[in-house]
Amino acid sequence: MVANTHTRPTVLSQGTFLSVSADEFAEAAAIAGFDALNIWRHAPSFESASAVGMATRRAGLSVHAVCRGGYLVEPDQRAADDASLQALDDAAELGADHLVVVVGPVVHSARATLERAARVLEALLPEAEDRGVALALEPFHPMFAAEKSALVTLRAALSMVEALDSRWVGIAADSYHLWWDPDLAAQFAHADGRILAVHLSDWLVPTVNLPRGRGVPGEGVIDLAGFVAIARHAGFSGPLEVEVLTDRFDGQPAHSTARLLRSSIESILATGAAHTPALAG
Ligand code: ZN
């Protein structure tokens with residue numbers, strides 16, 4: 001075992017554990033050696049931030065992030081805004097570093113949707129600052145444009161964040177959403193400390209379930225060590241998060257799934273520092 005793999009904190013996303021209770025999820029993460037959690041407010045088990053907070057503390061862990069409020073742009077904008085504020089309240093109560101925010105699907109045109117999302121995000125910034133919780137804007141894979149996110153490249157996400165110019169907004173960079181982009185390294189090079197989170201999962205061949213058919217790191221085609229290396233090169237110094245959205249482990253013991261996920265990134269943790277970000281050169 002490489003000694004420094006234990007000094008690099010890791011985060012486990014609840015997205016793999018939607019079929020179990022918050023207590024089971026937190027306990028499984030702790031047993032597997034994760035340090036912190038990304039809590040899903042859309043998990044069927046989510047009752048309240050206080051219940052999740054108790055489960056997290058019982059397991060001896062902390063909450064690193066919360067995912068998510070409403071989409072930034074929705075047909076019922078007031079309900080979406082209320083959901084985002086409630087999510088910020090929950091994230092603050094849980095002591096989270098950031099709340100993941102997602103733009104929502106294209107309405108009329110991608111450009112119009114992104115312009116509206118930028119205004120909504122700007123209005124949320126004082127609320128985020130008040131609560132001491134940053135907003136982590138997550139660009140999605142382009143195949144989600146009609147269903148979940150008009151924001152589909154790191155470049156577009158960075159330009160939105162740069163225009164807002166606040167330490168309370170940054171980017172959640174997810175390997176599953178971004179890996180395909182040949183300009184990725186060049187875009188990361190302009191990120192300038194604005195990457196708040198790195199989410200890791202793999203792209204299976206074939207991928208037949210887009211939202212919940214992700215692969216465990218190492219199972220698919222993504223150069224995840226390279227992805228982490230260019231994120232580190234761009235100034236990201238936070239913990240790596242394993243976010244494998246899939247239902248295939250439902251019915252299996254949560255602690256064995258968590259162990260599998262933790263061991264899937266051991267090699268990335270061990271080699272990440274030494275990996276040469278050749279793509280960024
Ligand atoms: Zn993600």
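Atoms within each ligand, like the ligands themselves, are counted from 1 in listed order.
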Open item on the list: In this structure, is the centre-to-centre distance between the rings of F227 and Y176 below 6.0 Å?
Closed with: no
Task: Residues which pass side chain to side chain contact (heavy atoms under 4.5 Å, CB included) with V106, listed by chain and number, not counting sequence neighbours - done: A110, T113, A145, A150
- [ ] Please check if atom CZ in R58 has more than 12 non-hydrogen atoms from other residues, nucleotides or ligands closer than 6.0 Å.
- [x] yes
TODO: Answer with yes or no whether the side chains of D82 and Q86 bring together a donor and an acceptor at under 3.5 Å.
DONE: no
Open item on the list: Under a 3.5 Å threshold, yes or no: a donor from one side chain and an acceptor from the other, between Q187 and D181?
Closed with: yes
- [ ] Spell out the protein N/O/S atoms under 2.8 Å from the Zn ion (ligand 1) as residue plus atom name.
- [x] E138 OE2, D174 OD2, H199 ND1, E243 OE1
Task: CG on L204 to CD1 on I222, rounded to 0.5 Å - done: 9.0 Å
